[in-house]
J.: 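This is the structure, below, for whatever I ask next.
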Amino acid sequence: MTATAPVRAKVLRDFNDAGTGENFTADTIAPLSPGAFANYRAAGLVEAAPEEAASDAGEAAPASGRKAK
C-alpha cells in the first residue's frame, strides 16, 4: 500500500468526529487523509486550505505572498 500525502484543510466550524474521537476547531488548518477530507468537505465542515485551493484551480500561489505580475 502506498502512503498518500495529507491534505491541508481549513476547518469551517467546530466539530467532533464521533468515529475517530478527533476534535476540530473552526478557523484552523488541519492535515487530513484524502478520504477524511472528502467526507468532511461533503458535509460542509472543511474546505481546501488556501494553497490547496490555488492548486485545485490550476494556479500557482505566489511563494512570497506578493501578487504575481
J.: Do the side chains of R13 and L45 get nearer than 4.5 Å, heavy atoms only?
T.: yes
J.: To the nearest 0.5 Å, tell me how far R41 CZ sits from L32 CG.
T.: 12.0 Å
J.: Evaluate the ring planes of F24 and Y40, with Trp represented by its six-membered ring, and classify them as parallel (under 30°), tilted (30 to 60°) or perpendicular (over 60°).
T.: perpendicular
J.: My understanding is that only one of D27, T28, V46 makes a side-chain contact (heavy atoms from CB on, under 4.5 Å) with K10; could you say which?
T.: D27
J.: Rounded to the nearest 0.5 Å, what separation is found between the CG atom of N16 and the CD atom of E22?
T.: 10.0 Å
J.: Write down the atom of T20, the atom of D17, and the distance for their closest heavy-atom approach.
T.: N-OD1, 3.2 Å
J.: Which atoms form the tightest heavy-atom contact between D14 and A26, and what is the distance?
T.: OD1-N, 2.6 Å
J.: So, for G44 and L12, which heavy atoms are closest and what is the spacing to 0.1 Å?
T.: O-CD1, 3.7 Å
